[in-house]
Amino acid sequence: MKSNFLRSNEIMQIAVDEAIRGINENDGGPFGAVIAKNGKIVAKAHNEVLKTNDPTMHAEINAIRKASKKLSAFDLSGCELYTSCMPCPMCLGAIKWANIKRVYYGGASADADKIGFRDEIFYGELNIEKIKGLELINTDREICLEPFKIWQNKIDKKFY
């Protein structure tokens, strides 16, 4: 009998699939996120900056919005966030406001920078190791770089 609980790498794969979906639908960049609680998916989302013309529509924020709506709560304590890339400072702020204590991420900000995103400039003065009460765990980097490769080869991509 199969368990209803997903393993960490299975959840991360869902985040990667979301990122690829967003690229294929021309919604935004190669970023996907999943919020899980007790090994079960609460919400999944991808970047929708291009679709909405809204620079705040990052995968992590979209996932937080969906999870908050589904759980009817602004406090997502007990949830974990899985994201295909290191969250930007804006997303880290939203994660802290949502009381999410553990974030699993794949690609690094330098990886996003290499494919045309400006992540590195936003980290210049931010020391993420000193963010209290937040555990950032780098995992599954190779599978998380798959959407980056797809994005890099996308002929009709729009940089932002």
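When a residue number appears, it is its place in the shown sequence, counting from 1.
For the residue pair N53/Y160, the side-chain donor-acceptor check at 3.5 Å is not satisfied. Side-chain polar atoms of Q13 and D17 form a donor-acceptor pair below 3.5 angstrom.
Here the CG atom belonging to L50 is positioned 11.0 Å from the CZ atom belonging to F159, to the nearest 0.5 angstrom. The NZ atom of K96 lies 15.0 Å from the SG atom of C91; values are rounded to the nearest 0.5 Å. Expressed to the nearest 0.5 Å, how far CD1 of I137 lies from OH of Y105 amounts to 9.5 Å.
Residue pairs meeting the salt bridge (Lys or Arg N to Asp or Glu O under 4.0 Å) criterion with at least one member in residues 20-32, sequence neighbours excluded: E18-R21, R21-E25. Applying the salt bridge (Lys or Arg N to Asp or Glu O under 4.0 Å) test to pairs two or more places apart or on separate chains, those with a residue in residues 59-83 are E80-R102. Applying the salt bridge (Lys or Arg N to Asp or Glu O under 4.0 Å) test to residues at least two apart or on different chains, the pairs with a partner in residues 144-155 are E146-K149, K154-D156.
Every side chain to side chain contact (heavy atoms under 4.5 Å, CB included) that D111 has, sequence neighbours left out, goes to A108, K114, R141, L145, F148. Not counting sequence neighbours, the partners of I150 by the side chain to side chain contact (heavy atoms under 4.5 Å, CB included) test are I20, I23.
A 4.5 Å side-chain heavy-atom check between L6 and I41 finds at least one atom pair inside the cut-off. Using a 4.5 Å heavy-atom threshold, the side chains of L76 and I35 count as touching.
A ring-centre distance under 6.0 Å is found for F31 and F117.
Taking all atoms of both residues into account, the shortest heavy-atom contact from A98 to I64 is CB-CG2, 4.2 Å. Considering all non-hydrogen atoms of both residues, A112 and C85 come closest at CB-SG, 4.0 Å. Taking all atoms of both residues into account, the shortest heavy-atom contact from A45 to N62 is CB-CB, 3.5 Å. Contact between L71 and C79 at its shortest, heavy atoms only, is CD1-SG, 4.1 Å.
Other residues sharing the hydrophobic cluster of M90, ordered by chain and number and joined by side-chain separations under 4.5 Å: I61.
Of the possible donor and acceptor atoms, one in the side chain of K157 sits under 3.5 Å from a partner among the backbone N and O of W151. A donor-acceptor contact shorter than 3.5 Å is absent between the side chain of D140 and the backbone of M12. For Y104 (side chain) and I11 (main-chain N/O), no donor-acceptor pair under 3.5 Å exists by modelled atom type. Judged by distance alone, the side chain of S84 and the main-chain N or O of A19 form no donor-acceptor pair under 3.5 Å.
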